[in-house]
Amino acid sequence: MKEKLNQYISKSKVVRSLKFRIFFIILLVGIVPTTILRYGILQNYEKRAVDVRISDVQTQFKILADHLITYNYLKDPSSEVINAELDQLSNLYDGRVLIVDSNFNVVRDSYGISQGKTIISEEVIRCFKGESITNYDPVNQFIEMTTPISAVLEENGGETAAGPQTQENLVRGVMLTSVSTDSIAANISILSRRATIIQFLMIIVLVGMAWGLSNILVEPFERVSSAISKVQDGFQNEPVSVPDYLETEHIVTAFNELLGRMKVLDESRQEFVSNVSHELKTPITSMKVLADSLIAQEDVPLELYKEFMTDIADEIERENKVINDLLSLVKMDKTAANLNIELIDINALCELILKRLRPIAKQRDIDVILESKREVSAEVDEVKLTLAISNLVENAIKYNNEHGFVKVSLDADYQFFTIEVKDNGLGIPEEELEHIFERFYRVDKSHSREIGGTGLGLSITRSAILMHRGFIKVESEEGSGTTFFVKIPLTYIVK
Ligand code: ADP
C-alpha cells in the first residue's frame with residue numbers, strides 16, 4: 001500500500017514536471033498526425049485498389065457475358081472457346097465463376113462443384129431485374145459480384161422463371177463471380193510494414209528531438225531556481241538575472257523585489273535591535289556609574305546616598321518606560337487580527353484622556369481644552385486608540401512652554417472622524433518632520449531624554465492609526481507650535 005502511494009507520488013512528480021509535459025506534447029504532436037496519415041493512406045489505398053479491381057473485373061465479365069450470348073452458352077455450355085476464356089479469367093483473378101440461366105440452374109461453375117444445381121438468392125433475382133451487385137468482404141478478402149448476361153434485341157419476349165422479359169429487360173442469365181483480393185491485402189501488408197518501420201524511425205527521431213527541446217526550453221527555469229538557491233545559500237548577493245523569456249524575467253524581477261524588501265527589512269531589524277540595545281543599556285550604564293561611585297567612596301554621607309539612589313530609581317523608571325513602549329510597539333506591529341473592534345463613544349474617550357493628562361499639564365500651567373464639534377461614535381480598538389491619542393496629547397504637553405495651551409478638536413463627516421491636537425509649544429524643525437515617526441527618533445535627544453521621552457511614542461501612534469486604516473499628518477513651525485491631524489474611518493474596514 002505504502003509502496004503504491006510512493007510510486008504514485010513519484011509518478012505524479014514526473015507528470016507535474018514542465019520538462020515532461022513539453023516532451024510529451026512534442027511527441028504527441030509528432031505521432032498523432034503521422035498515425036492518422038498512415039491509416040488514412042492505407043485505407044484509401046485499399047478502397048482505391050478494390051474499386052479498380054471491381055471495375056476491371058466488371059469490364060472483363062461484361063465482355064464475357066456478350067460472348068456467352070454470342071455462343072448461346074446458356075443453352076449449350078460446351079463451347080471450348082468460352083470455357084477456355086472462363087478458365088483464363090477465373091485463373092487471372094483467382095476466383096470462381098458461376099453461370100446461372102434464366103431457370104436459376106447453374107450452367108457452369110469454374111470450380112465444378114455446383115454445376116446442375118439451382119441457385120435462388122437475392123443477388124441473382126435482383127440481377128435478373130438488371131441490377132448489378134458488388135460486395136466486398138474485407139475479412140475473408142474477396143469481392144462478390146453479379147453480372148447480367150443480356151440478350152440482343154431479336155431474342156426478346158417470352159416467359160422465363162426469372163419473370164416476364166420486356167424489351168428493356170433482356171437478362172437471359174446471371175454470372176456470379178467471386179474474386180480474391182489477396183493481392184490487395186498483400187500489398188497493404190507490405191505498405192503497412194514499411195509504414196511501421198518509417199514510423200518507428202520517426203518516433204526515435206521525435207523522442208530525441210522532444211528530449212532535446214524540452215531540455216533547452218526548460219533550462220532557463222532551472223537557471224532561475226539555481227540562482228535563487230545560490231542567493232538562499234548566501235553564495236550570491238547581487239540581483240538574479242535570467243532574461244531568456246518574458247516569464248523568467250517576471251519571476252526574477254519579482255524575486256529581486258522580494259530580495260530588496262527583505263534586505264531593507266533586515267537592515268531595519270538590525271538597526272532596531274542596535275537602537276533597543278542602546279536604549280536599554282543607557283540607564284543600566286548610568287546606574288552602574290552611580291552605584292560604583294557610591295561603592296568606591298568611604299563614609300559616604302547619607303544625603304549623597306539618597307541623591308544617588310533617587311537617580312538610580314529614575315533610571316529604573318526610565319528603563320521600565322522603554323520596555324513598556326517596546327511592548328506596545330510589538331503589539332502594534334502584529335496583524336490587524338489582534339484588533340478588538342467595538343463601537344466607542346469617541347467624545348467620552350477624548351474626555352477621559354484629557355482628564356488623565358491634565359494634572360501633568362497643570363504642573364506647568366498648560367491649558368488643555370477639548371473642542372467637540374459633534375457627537376462621534378466609531379468602530380475602533382479602544383485601548384490602541386487611547387494609546388495613540390494619549391501619546392499625541394502627552395507630546396503636546398511635554399514639548400510645550402510653561403503657560404502654553406493644548407487644544408484637541410474632534411469632528412466627523414459621514415465617513416471619517418478627525419482628531420486635531422494643536423499646541424503652541426516648541427515646534428519641530430522642518431527638516432526633522434519626516435523622521436519623527438521613526439522608531440527611537442528624537443529631535444532634541446538630550447531634551448527629550450530629560451523629559452522622559454523614549455522616541456517610540458509617535459511610531460506607536462502611527463502604527464495604531466494605520467491599523468484602523470486611518471492616516472496621520474503633522475504641521476509644525478519651530479518656536480510657534482505643532483498640530484497633528486488624525487483621520488480614521490467611522491466604520492472599521494476589513495481588508
Ligand atoms: P518621545 O518619546 O521622545 O516623545 P515621540 O516618538 O513621541 O518620542 O516623538 C518623537 C520626537 O518628535 C520627539 O522627541 C520630539 O522631538 C518630537 N515631537 C513630538 N511631538 C511634538 C510636539 N507636539 N511638539 C514638538 N516636538 C514634538
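As a basis for the values below, the full set of heavy atoms in this structure was taken, side chains included, without hydrogen atoms, waters or symmetry mates. Read the numbers this way: they start at 1 and go in the same order the structure lists the ligands and their atoms.
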Original post:
What are the atoms of ligand 1, with element, lying closer than 4.0 Å to any heavy atom of V443?
Top reply: 14 (O), 16 (O), 17 (C)
Original post:
Mind checking whether G455 has a heavy atom under 4.0 Å from ligand 1?
Top reply: yes
Subject >> Part of Y441 within contact of ligand 1 (heavy atoms, under 4.0 Å) >> reply: backbone
Subject >> Heteroatom distance test (R442, ligand 1): nitrogen or oxygen, under 3.5 angstrom >> reply: no
Original post:
Which bit of T482 gets closer than 4.0 Å to ligand 1, counting heavy atoms only: side chain, backbone, both or neither?
Top reply: side chain
Original post:
Roughly how far apart are Y136 OH and Q141 CD, rounded to 0.5 Å?
Top reply: 6.5 Å
Original post:
In terms of atom number and element, which parts of ligand 1 are under 4.0 angstrom from non-hydrogen atoms of A396?
Top reply: 23 (N)
Original post:
Got a donor-acceptor contact below 3.5 angstrom from the N215 side chain to the W211 backbone?
Top reply: yes
Original post:
Honestly, is K473 close enough over F485, meaning NZ or CZ under 6.0 Å from the six-membered ring centre and within 45° of the axis?
Top reply: yes
Do any side-chain atoms of residues 188-199 form donor-acceptor pairs under 3.5 angstrom with protein atoms, and if so which ones, sequence neighbours left out?
| from | atom 1 | to | atom 2 | distance (Å) |
| --- | --- | --- | --- | --- |
| S189 | OG | R193 | NH2 | 3.1 |
| S192 | OG | R38 | NH2 | 3.0 |
| T196 | OG1 | R38 | NH1 | 3.0 |
| T196 | OG1 | R38 | NH2 | 3.1 |
| T196 | OG1 | S192 | O | 2.7 |
| Q199 | OE1 | R38 | NH1 | 3.2 |
| Q199 | NE2 | T35 | OG1 | 3.0 |

Original post:
Relative to atom 19 (C) of ligand 1, which among V421, T461, I397, N395 owns the nearest non-hydrogen atom?
Top reply: N395
Subject >> S183 versus R53, side-chain donor and acceptor atoms under 3.5 Å >> reply: yes
Original post:
Is the backbone of L387 close enough, under 3.5 Å, to the side chain of T461 for a donor and an acceptor to pair up by distance?
Top reply: no
**OP:** Say whether F484, considering both its backbone and side-chain N or O atoms, lies within less than 3.5 Å of an N or O atom on ligand 1.
**Re:** no
Subject >> Atoms of ligand 1 close to T454 [distance to a heavy atom under 4.0 angstrom, numbered from 1] >> reply: 1 (P), 2 (O), 3 (O)
Subject >> Location of contacts on K398 toward ligand 1, heavy atoms closer than 4.0 Å >> reply: side chain
**OP:** Number the atoms of ligand 1 from 1 as they appear, then name those within less than 4.0 Å of a heavy atom of I428, with their elements.
**Re:** 18 (N), 25 (C), 26 (N), 27 (C)
Original post:
Between V406 and L357, does a side chain to side chain contact (heavy atoms under 4.5 Å, CB included) hold up when you go through it step by step?
Top reply: CA-CA 11 Å; V406 176; L357 294 174; over 6 Å; no
Original post:
Does ligand 1 have a heavy atom under 4.0 Å from the side chain of D423, from its backbone, from both, or from neither?
Top reply: side chain
Original post:
In this structure, are over 12 heavy atoms from other groups packed under 6.0 Å from R364 atom CZ?
Top reply: yes
